[in-house]
Amino acid sequence: MTNKKLLLIDGNSLAFRAFYAMYNQLDRMISHDGLHTNALVAFNNFLDQIVDPMQPDLAVVAWDAGSGKTTFRGELLSSYKDGRSKTPSEFLEQFPYLREMVALHGLRNYQQEGLEADDIIGTYSRLGEAAGYSVTIVTGDQDLIQLATDNITVNVTKKGVTEIERYTPDYILEKFNLTPAHIIEKKALTGDTSDNYPGVTKVGEKTALKLLAEYHDLDNLYANIDGMKPSKMKENLMNDRDQAFRARQLATILTAADLELPLEEIEYRGVDYDALIPFYEKLDFKQQLAKIKALKRSGQIAGDDTVDEKSVQVVGLKDSNLRALSMLGDKVALHIEYVSEDYHAGEMIGFVIGNAAVGYYGSRDVSLLQQSELKTLVENDKIQKNVFNVKAQLVLFKRLGLKLTGVNFDFLLAAYLLDTVDNDNVFATLAQRFDIYLTPDEEVYGKGAKFKIPSDSGRVLMHIANKANALMALEEPTFSALNEHQQTHLYTDIELPLAHVLANMEFQGIKVNPEYLQERGRDLAQRIEDIQSAIYIEAGEKINLNSPKQLGVLLFEKMGLPVIKKTKTGYSTAIDVLEKLAPQAPIVDHILQYRQLAKLKSTYIDGLLSVIYPEDSKIHTRFLQTLTQTGRLSSVDPNLQNIPMRSEEGRLIRTAFIPSEPNWQIFGADYSQIELRVLAHVTGDANMQKAFLNGEDIHAETARAVFGLPNDAVVDPLMRRTAKAVNFGIVYGISDFGLANNLGISRAEAKRFIDTYFQEFPQIHDWMNQIKQFAHDHGYVETIAHRRRYLPDINAKNFNLRSFAERTAMNSPIQGSAADIIKIAMIKVNDALKAHHFQARMLLQVHDELIFEAPSSEIDELSEIITSVMDSAVSLDVPLKVESHSGATWYDAK
DNA sequence: GTATTCACG
DNA sequence: ACGTACGTGAATACC
């Protein structure tokens, strides 16, 4: 039998935690009435995630009455809680709404003159325990753990308000070696700085625990103090005796206060969703509103007419009724539903086509799409299609042997361009931006182990039809938002055509030689084993070499090597640390070798082998077009944008990537220093532009500038290397700290480099300041193609968050404009390949380079055309330079 | 699920 | 007083 549950919440301390947990969002979270809502948002999350699911029988949120001065503690000590900084007004203004929120979630608010929230909780907890309840306390204040018993658990927030540490008597014993009651004794000795009362001078946590281990409690300690051997501490204890006993009184939470409201009247009433709607509307809690609507729609809570959407009708398609589709007209929404993220291989479970005016038609059987009525519709570019994720749909149709054309509106692509920040690539969440609420896929299919396609086909089709219906409704507001952002060109002429190019590249795939990988894998396995044995001998024990934790113990504890860098959880064993330690112990170098080989084997040999399609020996990556914050692509399953290159050992992996036809070659073309050229262009810096216009070695030229060398001076390699690092730093949004770290020089030296750099390239300096100012004023920055990146933290009060946003403001236009350029180039290259009737195929993009396969006979002409298309893709104030290479494998195309 | 490490531009 | 270079993805360990 389970006990009845009593939930006691420390309102003040949790609200306080909530406010500071989202403090950096303070300026972002303001309702249309000008009310700050950060604490409200966090507190609501707490109620949602912790309280609502718990369904207690009784529940109360206790609040402090006044400042604490009117309590017995204020009487005991007039300076009680003095010295606390004034509560910010942005916090105070949220209090009334916090109480309202609590009430609407079905909990009692309770406060009482003369009592603090602690005392209310303390008293109810004992009343509840006596009445047989299982009691749960939630607070942000560790002092409350003194209340823990076998029937009373105290949950203290750890980070934010939804991460919690559970204190039971057992846990307290384990953690502090104290019983709950002794928490008070400890406090008596240490005092409490935040409540502004002293304990015993010079006694802190450690000393207090030691004293309690010996003397058990305060009474016993003072009873036996004469026997204590003389020390400064003994003196302090004697002098501060009264203070200690007063501190114990102050620290003791009342458990028998006279409460006006009897226990049985704090009944939990459950969440009042209907009343929460206007409340959330007032606070602009869009996510919460969407959630309620979704709950109502799915019948999990009672619905009413104001939120029920008109259900979409779907006509089930069969061979016999396909002719009805001719009624649809020239604009439809179209969606093939697929369930694995990997649309190259996963199952297609149905499709819907239609529009709001005529209706929606669908089937679970996607092979119907190959019937002539549907095929002509799909392949007719005069019939405009609205879709979600055109690249995925293009590939799915290709798998069915169909060529999807006429796509004009891709909601995913547009939503990504409008705002990259809150983009999870999920239709239901993105539609919410436009106040359209769809049932999330997860709700229909479940997720993880619970994933299941519903047996009710009608339900599946309805779900797809709702998406189609949303695609019709979203088109107009989405296009108008793109227009407002001046992003129509970016959408229509860059991203949408690029999606088609990428779909072809992915579908085409790149051929891999599995035997080569297997052979290298065997070689690596042997060498890894040898190094591992050598390391075990040197270490004198066997550990898991892949565990940074075990490695840390070995190197820094057993071997006593100096700790150079720490991580959040322990010692860092990262490569730069190990390189510094290598001269001190031969084992370190062996570990570095082990790491390199293990990485190659697991990620690149085994990893690539596992994603080769056996039927054609090809790898089909997916380029994510709507993920990065800057506009770059990324590549997954597998990532073909990080195949090793820098070490020869790793670079050999590229030998496995081969042409898919006999007598073909791999051909690569890359932009040289595209980001620095973009920098020279956008900043308009005359000196840097001149260097590029004159075809100079830019890093050498930078070295001459920052080291004050004459124009024709020879630059030694170290100077060039330093200048190169400075150039990188500039592109990343430089800081002296970062540069110093990278170059292993002092911060002051790094600062001198940066200062000189900015003197030599003054317009770069000006631009850095302007772009930061622009970001502060507008909350976003832009690329040359009006790609936008919002920077929510640009006005944050937190220095780190703000600094990060400022560096991002400087870097994103550079990295993003370079991404714009290569995207434009890809479209033009694709067109050029067609126009010249090349057999050559574009296969991969790696940020500043394009990889192709082509007949050997085409290479010379291809090289000429592709480099010229790429270097003229856009017209900047500096030239773009493209280099190209070809060879029998990707490795040889260097 | 989070943290660490390391591969790329 | 704070404490960082920009953008990614995959493998592994560990809770």
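Just so it is clear: chains get the letters A, B, ... in the order the sequence lines come, proteins before strands, and each one is counted from 1.
Computed from coordinates, the A/I653 CD1 to C/dA10 C1' distance equals 14 Å when rounded to whole Å. Rounded to whole Å, the distance from CZ on A/F728 to P on B/dC8 is 13 Å. Separating the OH atom of A/Y571 from the P atom of B/dT4 is a distance of 14 Å, rounded to the nearest angstrom. Per the geometry, CD belonging to A/E648 stands 15 Å off P belonging to B/dA7, to the nearest Å. In this structure, A/D576 atom CG and B/dT5 atom P are separated by 9 Å, rounded to whole Å. Atoms CG (A/L578) and P (B/dC6) sit 7 Å apart, rounded to a whole Å. Atom P of nucleotide C/dG9 and atom CG of A/L640 are separated by 13 Å, given to the nearest angstrom. Computed from coordinates, the A/L554 CG to C/dA13 P distance equals 16 Å when rounded to whole Å.
Atom name C1', nucleotides B/dT5 and C/dC2: the rounded distance is 27 Å, in whole Å. B/dT4 and C/dG3 have their P atoms separated by 16 Å, given to the nearest Å.
Here C/dG7 is the nucleotide among C/dG7, B/dT4, C/dA5 with the atom lying nearest to any side-chain atom of A/Q629. Nearest nucleotide to the side chain of A/A574, out of B/dT5, C/dA5, B/dC8: B/dT5. The side chain of A/Q550 has C/dC14 as its nearest neighbour among C/dC14, B/dA3, C/dC6. With C/dT4, C/dG7, B/dT5 as the choices, the nucleotide that has an atom nearest any side-chain atom of A/R807 turns out to be C/dT4. Out of C/dG9, B/dT4, B/dG9, the shortest distance to the side chain of A/R646 is found at B/dG9. With B/dA3, C/dG7, B/dC8 as the candidates, the nucleotide lying closest to the side chain of A/N642 is B/dC8. Distances from the side chain of A/V636 to the nucleotides C/dG7, C/dG9, B/dA7 place C/dG9 closest. For A/N800, whose side chain is taken as the heavy atoms from C-beta onward, the closest listed nucleotide among B/dA3, C/dG9, C/dC2 is C/dC2. Minimum atom distance to the side chain of A/N546 is reached by C/dT12, of the listed C/dT12, C/dA5, B/dT5. The side chain of A/D637 approaches C/dA10 more closely than any other nucleotide in the set B/dA7, C/dA10, C/dG7.
Within the 4.5 Å cutoff, the side chain of A/K823 has heavy atoms near those of the A/R787 side chain.
The base of B/dT5 is not paired with the side chain of A/R595 by any donor and acceptor separated by under 3.5 Å. On a pure distance criterion of 3.5 Å, a polar donor-acceptor pair joins the side chain of A/S735 and the base of C/dT4. A/R789 contributes no side-chain N or O that forms a donor-acceptor pair with the base of C/dG7 under 3.5 Å. In terms of polar N and O atoms assigned as donor or acceptor, the side chain of A/Q641 never comes within less than 3.5 Å of the base of B/dC8 in a complementary pairing.
Residue contacts shown for A/A725 include a base, since a base heavy atom lies under 4.0 Å away. Residue-level contact check: A/L633 touches neither bases nor backbone, having no heavy atom under 4.0 Å from any strand. The residue A/V731 sits apart from the nucleic acid: no heavy atom pair falls under 4.0 Å. Using a 4.0 Å heavy-atom criterion, one finds that A/N798 contacts no nucleic acid atom at all. Counting any heavy atom pair closer than 4.0 Å across all strands shown, A/L624 reaches sugar-phosphate atoms only and no base atom. Within 4.0 Å of A/G729, counting heavy atoms only, lies at least one base atom of the nucleic acid. Among the atoms of the strands shown, none is found under 4.0 Å from any heavy atom of A/S812. Here A/D848 lies in heavy-atom contact (under 4.0 Å) with sugar-phosphate atoms only.
Distances shorter than 4.0 Å separate some side-chain N or O of A/T573 from OP1 or OP2 on B/dT5. Taking 4.0 angstrom as the limit, A/S547 places none of its side-chain polar atoms (N or O) nearer than this to OP1 or OP2 of C/dT12. Phosphate proximity of C/dC15 to A/K549: present, with a side-chain N or O under 4.0 Å from OP1 or OP2. An OP1 or OP2 oxygen of C/dT8 is reached within less than 4.0 angstrom by no side-chain nitrogen or oxygen of A/R632.
Judged purely by atom type and a 3.5 angstrom limit, A/Q487 uses its side chain to pair as donor or acceptor with the backbone of A/L417. The backbone N or O of A/P879 sits less than 3.5 Å from a side-chain atom of A/R677, completing a donor-acceptor pair.
Note that CD of A/E782 and CG of A/D820 are 10.5 Å apart. Values are rounded to the nearest 0.5 Å. Annotation: the span from A/N741 atom CG to A/D576 atom CG amounts to 8.0 Å, rounded to 0.5 Å. Summarising the geometry, atom CG belonging to A/L561 is positioned 5.5 Å from atom CG belonging to A/L555; distances are rounded to the nearest 0.5 Å. In this structure, the separation between NZ on A/K511 and CD on A/E853 is 9.5 Å, given to the nearest 0.5 Å.
Of the residues in residues 597-609 of chain A, those with a non-hydrogen atom less than 4.0 angstrom from any atom of DNA chain B are A/K599, A/Y604.
Taking the six-membered ring for Trp and thresholds of 30 and 60 degrees, A/H344 and A/H620 have ring planes inclined between 30 and 60 degrees apart. Between A/F758 and A/H765, the two ring planes are parallel [angle under 30°; tilted spans 30° to 60°]. Ring orientation note: the planes of A/Y780 and A/H778 are nearly perpendicular, at an angle over 60° on the 30°/60° scale.
Of the N and O atoms on the side chains of A/S884 and A/T867, not one donor lies less than 3.5 Å from an acceptor on the other residue.
Between A/D606 and the choices A/K599, A/K601, A/R520, the salt bridge (Lys or Arg N to Asp or Glu O under 4.0 Å) rule is met once, by A/K601. Between A/I658 and the choices A/N513, A/V512, A/I510, the side chain to side chain contact (heavy atoms under 4.5 Å, CB included) rule is met once, by A/N513.
Stretches of at least 3 consecutive Watson-Crick or G-U wobble pairs, with each checked distance under 3.5 Å, appear in DNA chain C as B:1-9 with C:6-14.
Annotation: of the two residues near DNA chain C, A/S635 and A/I730, the 5′-most nearest-nucleotide partner is A/I730.
Lacking a ring centre under 5.5 Å from that of the base six-membered ring together with a plane angle below 30°, A/F799 does not count as stacked on C/dC2.
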